[in-house]
Amino acid sequence: MSNDVIERLRNGLLELDMATAVEAASSIVEGDDSLAVKDAVHAVTNALQIVGKRFQDGEWFLAELVYVGEIAKEAMNMLSPLMEAGATESAGTVVVGTVAGDLHDIGKNIFMDYAKSAGFNMIDLGMDVPTQKFIDAVKEHSPLSLGMSCLLTSTSMEIGRVIEELKRQNLRDKVKVIIGGAALTQEFAKEVGADAFAPDAVTGTDIIEEWSAS
Ligand code: B1M
């Protein structure tokens, strides 16, 4: 697979050109090359980081942020099935959601794709997930791990709330908590009592694989 198609995907996002991004994602899917799919996911992530900087610097506005989010989701919806193709037997169940008040789900979905391809049974609670919904899902599925994604500084304390509620309901020692998303850090994870912070989807998958094996 040539680098040109990956570059076209990246440019489609950076130039807000849905047709180019979809055409490039479609070529990658037709190529059925797992390495190219990983490069493509990396290109989407990288382009969104650049977009975030443009937004932060006042070069781009909310309308552009919304549209680039739609392009990224369209491309990821096409790429996702190829990432799931490697799944074999279940390595365990993981419940995942984006915390209350937060409507970012692209990174959460990429983490889910990687974890699925490593054989995990992923239960997606979606985004803007209230504390009680996380707790109910832990009670219902008894998962190996509970994953929370968070991209806004203003909603990061939701993670602490969920962990406190797990403790209050005597569930904390029954589930490993992993957190990820651009607003979080290792220090924050320690502060709120999460078991692990994942800076990216690959590291997140490595962490739950370690938990699954132990
Ligand atoms: Co928003 N937004 N946004 N946005 N947005 C950010 C996050 C921001 C950093 C942009 C900026 O200012 N530089 C900023 C947050 C600042 C802060 O709080 N620190 C921001 C803001 C301010 C906002 C609004 C408040 C804007 C407004 O309304 N004025 C608003 C909030 C809405 C809300 O949530 N209530 C808003 C809205 C949106 C859209 C809806 C338009 C759209 C999201 C669409 C969607 O997700 N469906 C959007 C987008 C696209 C972004 C940026 C540009 C890209 C986010 C993204 O998808 N990145 C973002 C800039 C940035 O992140 N630098 C930005 C790519 C993705 C693959 O990365 O999610 O980090 P990420 O995931 C990574 C890892 O973090 C990790 O794996 C992934 C792949 O490696 N990971 C996990 C993530 N979750 C994990 C969970 C795990 C493990 C690993 O285990 C459970």
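Keep in mind that the numbers below use all heavy atoms, side chains included, and drop hydrogens, waters and symmetry copies. Both counts, for ligands and for their atoms, begin at 1 and track the order of listing. Treat the numbers as computed from the prediction; the structure is a model and nothing was measured.
When all heavy atoms are compared, the tightest approach of I178 to S145 is CG2-OG, 3.5 Å. Looking at every heavy atom in both residues, S156 comes nearest to L184 through CB-CD2, 3.9 Å. Shown here for Y67 and L16, the closest heavy-atom pair between the two residues is CE2-O, 3.6 Å. Across A118 and A91, no two heavy atoms sit closer than the pair O-CB, 4.1 Å. Scanning both residues, V22 and M78, for their nearest heavy atoms gives O-CE, 3.6 Å. When every heavy atom of F134 is checked against every heavy atom of V162, the shortest pair comes out as CD1-CG2, 3.7 Å.
Atoms of ligand 1 lying under 4.0 Å from any heavy atom of F55, numbered from 1 in the order shown and given with element: 10 (C), 11 (C), 12 (O), 26 (C). Counting atoms of ligand 1 from 1 in the listed order, those under 4.0 Å from a heavy atom of T45 are 67 (C). Atoms of ligand 1 lying under 4.0 Å from at least one heavy atom of F111, given by number and element, are 87 (C), 88 (C), 90 (O), 91 (C). Close approach to G147 involves these atoms of ligand 1, each under 4.0 Å from a residue heavy atom: 91 (C). If you number the atoms of ligand 1 from 1 as listed, the ones under 4.0 Å from a heavy atom of A198 come out as 88 (C), 89 (C). The I178 neighbourhood of ligand 1 comprises atoms 91 (C), with distances under 4.0 Å to a heavy atom of that residue. Short contacts between ligand 1 and D102, defined as distances under 4.0 Å to a heavy atom of the residue, involve ligand atoms 34 (O). Residue L62 approaches ligand 1 through these ligand atoms, each under 4.0 Å from one of its heavy atoms: 26 (C), 27 (C), 28 (O).
With hydrogens left out, the protein atom closest to atom 82 (C) of ligand 1 is G180 CA, 3.7 Å, a heavy atom. The closest protein non-hydrogen atom to atom 45 (C) of ligand 1 is D105 OD1, 3.5 Å. Among protein heavy atoms, atom 54 (C) of ligand 1 sits closest to L48 CB, 3.9 Å. The closest protein non-hydrogen atom to atom 9 (C) of ligand 1 is L151 O, 4.8 Å. Here the protein heavy atom with the shortest distance to atom 70 (O) of ligand 1 is A182 N, 3.5 Å. For atom 73 (C) of ligand 1, the closest heavy atom belonging to the protein is G107 CA, 4.2 Å. For atom 25 (C) of ligand 1, the closest non-hydrogen atom of the protein is L152 CD2, 4.3 Å. Taking atom 80 (O) of ligand 1 as the reference point, the nearest protein heavy-atom neighbour is A201 N, 3.0 Å.
Defined by atom type and a distance below 3.5 Å, a donor-acceptor pair is missing between the side-chain atoms of N121 and S90. Side-chain polar atoms of D200 and T203 form a donor-acceptor pair below 3.5 angstrom. Between the side chains of Q49 and T45, no donor-acceptor pair of N or O atoms lies under 3.5 Å.
Under a hydrophobic clustering in which Ile, Leu, Val, Met, Phe, Trp and Tyr are joined whenever their side-chain heavy atoms come within less than 4.5 Å, directly or via other members, L103 and M112 fall into different clusters.
At a heavy-atom cutoff of 4.0 Å, ligand 1 is contacted by both the backbone and the side chain of L103. Residue-level proximity to ligand 1 for A183 is absent, since no heavy atom of it falls below 4.0 angstrom. Counting heavy atoms under 4.0 Å from ligand 1, residue P199 touches it through the backbone alone.
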Next item on the list: Go through K53 and D57 one step at a time and tell me if the salt bridge (charged side-chain N to carboxylate O under 4.0 Å, His left out) criterion holds.
Entry: CA-CA 6 Å; K53 177 96 175 55; D57 294 346; 2.6 Å; yes
Notebook entry, point to check: Do L82 and V29 pass the side-chain contact (heavy atoms from CB on, under 4.5 Å) test, and can you show the C-alpha distance, the side-chain angles, and the key distance before you say yes or no?
Noted result: CA-CA 7 Å; L82 271 85; V29 170; 3.6 Å; yes
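Atom 59 (C) of ligand 1 lies below 4.0 Å from none of the non-hydrogen atoms of the protein.
Selection from T98, V68, I106, T203 by nearest heavy atom to atom 57 (O) of ligand 1 gives I106. Distances from atom 39 (C) of ligand 1 to the heavy atoms of K73, K53, M112, H104 show the closest one on H104. With distances taken over non-hydrogen atoms, the option nearest atom 17 (C) of ligand 1 out of N46, T153, V66 is T153. Between atom 67 (C) of ligand 1 and the options I110, T155, V202, the minimum heavy-atom separation is to I110.
Taking any N or O of G101, backbone or side chain, at least one lies under 3.5 Å from an N or O belonging to ligand 1. The shortest N/O to N/O separation between D200 and ligand 1 does not fall below 3.5 Å.
Ionic pairing of R161 and E158 is present here: one or more N-O contacts between side-chain nitrogen and carboxylate oxygen are shorter than 4.0 angstrom. By the 4.0 Å N-to-carboxylate-O rule, K108 lies close enough to D124 to be salt-bridged with it. Between D33 and K38, no side-chain nitrogen of the basic residue sits less than 4.0 Å from a carboxylate oxygen of the acidic one, so the salt-bridge criterion is not met.
Looking at heavy atoms from C-beta onward, Y114 lies in side-chain contact with M83 at the 4.5 angstrom threshold.
Taking a 4.0 Å cut-off on heavy atoms, G52 registers as neighbouring ligand 1.
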